[in-house]
Protein chains: 2
Amino acid sequence: MNNPHLKDCVLHFGEMASRWGFNRSVGQVLAVIVFSEVPLSADDISESLGISRGNVSMAAKELQSWRLIRVVREPGDRKDYYGPNGSLWDLAQQVLSERRKREVDPTLSVLRSQLMQVDGQTPDYATERMQEIHDLLELFTGWLDDVQRLKPEQLKALLKLGAGVGKVLELKGKIFK
Amino acid sequence: MNNPHLKDCVLHFGEMASRWGFNRSVGQVLAVIVFSEVPLSADDISESLGISRGNVSMAAKELQSWRLIRVVREPGDRKDYYGPNGSLWDLAQQVLSERRKREVDPTLSVLRSQLMQVDGQTPDYATERMQEIHDLLELFTGWLDDVQRLKPEQLKALLKLGAGVGKVLELKGKIFK
DNA sequence: CTAAACTTTCAATAATTTCTGAAAGTTTAT
DNA sequence: ATAAACTTTCAGAAATTATTGAAAGTTTAG
């Protein structure tokens, strides 16, 4: 961690971490791994961030549960080395789908079960609202699922299209129906 | 808060709140406002959730900073009443754009400024990675911006399209080389 | 202007989350 | 089987975040 710009970035990732769904150490550990050209051992990380060995172990576990890092082992060396689990593109997709899983799916499942239980009865206002939220979340997550299954090339094309999506939608509307 | 399903939902929203970027009270207050057919006073909310008056005041302030609720005043009544700031669709858009502002924009700006400072020098690995992250985030937020400017009808069409987006993209590719 | 009816603020406290480091657990080489 | 070289776990300490409630601030009616 010689480069001062790198250091600033790692600290920034640490600060942002809580907004991204993990704690400061996890954010810093992720940064240091992503910015490193070679895989790092837990001791490397512990030393360069000035956090305890145990903390690194927990952060690595968390990052593995997000599928953001992977363990690399070198022959003739007993240490674990950590590296990013794929390209930046892969990591971004992983973050998106993991956050969907943690932030939306539980709510969708609670709403579904509440709505099941009142099915048939005439719904009060709150129930109608639950249905509305449920439908919106389902529409959204369904779309995300679909889009994430696109080939990377198509996904990139979609992103580059930007506002052009509107035009293409019109186009589609004119051709069919 | 008679309805037990409603109560469960409000508690669930409270539990999820920290994953959504606010605290439990803020989550519960939002829920109770969104599920209510009529605007609620701070006292109504304080009583129905069993939290202090001061806490409700801070939660309302936070929710207003997210533009998720608005104050309604009734003539001949000095109390503030809180209601949702628009349709569910509006609220969802608001959450998305506010989270982008809080979770992505600061990082983009840090990356931009770090990259400015090393501009011209031959970049090391970490700098290349910063550039890569910067470009990805910019592509993503630019697309979000564009898409959020679409008319609600177009946006809904896009969501309903789901995986169909892939087909439409191919179509577009065929028509315009 | 004053008092009543509110809302907001903020210092103190409570609750929660994170971090440390020593102990326990695991793996590998011999 | 043993010991060396690791990794993981977890109880307690530290740090952070959330909540309360009383005091200060604001607005409105008369």
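Chain A is the first sequence line, chain B the second, and so forth, proteins listed ahead of strands; every chain is numbered from 1.
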### Short side-chain donor-acceptor distance under 3.5 Å, A:Ser46 and A:Asp43
no
### Task
Would you mind telling me which of D:dT7, D:dG21, C:dT9 lies closest to the side-chain atoms of B:Lys61?
C:dT9
### Message
Between A:Arg53 and C:dG21, is there a contact of a side-chain N or O with OP1 or OP2 at under 4.0 Å?
### Response
no
### Query
Any side-chain N or O of B:Arg24 less than 4.0 Å from the OP1 or OP2 oxygen of D:dA18?
no
### Query
Is A:Trp143 reaching over with its side chain to a backbone N or O of B:Leu158, donor-acceptor style, under 3.5 angstrom?
yes
### Task
Select from B:Gly50 and A:Asp43 the residue whose nearest nucleotide in DNA chain D is closer to the 5' end of that strand.
A:Asp43
### Query
Which whole-number value in Å describes the distance from B:Asp77 CG to D:dT27 C1'?
13 Å
### Query
Would you find a donor on one side and an acceptor on the other, under 3.5 Å apart, between the side chain of A:Arg73 and the backbone of A:Arg78?
yes
### Query
If only atom types and distance count, is the side chain of A:Ser36 paired as donor or acceptor with the main-chain N or O of A:Pro39 below 3.5 Å?
no
### Query
Reckon A:Asn55 touches a base, only the sugar-phosphate, or nothing at all at heavy-atom distances under 4.0 Å?
base
### Message
By nearest heavy atom, map A:Ser18 and A:Asp80 onto DNA chain D; which one lands nearer the 5' end?
### Response
A:Asp80
### Query
According to a strict under-4.0 Å criterion, is B:Lys79 in side-chain N/O contact with OP1 or OP2 of D:dT27?
no
### Query
What is the distance from CE of A:Met58 to C1' of D:dC10, rounded to the nearest Å?
9 Å
### Query
For B:Asn23 and C:dA14, what is the distance between atoms CG and C1' respectively, to the nearest whole Å?
14 Å
### Task
Grab the CD-C1' distance between B:Glu62 and C:dT8 for me, whole Å please.
15 Å
### Message
Can you say whether a donor on the side chain of A:Arg78 sits under 3.5 Å from an acceptor on the base of C:dA29, or the other way round?
### Response
no
### Query
Taking OP1 and OP2 of C:dT7, is either one under 4.0 Å from a side-chain nitrogen or oxygen of B:Ser57?
no
## Note on the structure
Closest to the 5' end of DNA chain C, once B:Tyr81 and A:Arg73 are matched to their nearest nucleotides, is B:Tyr81
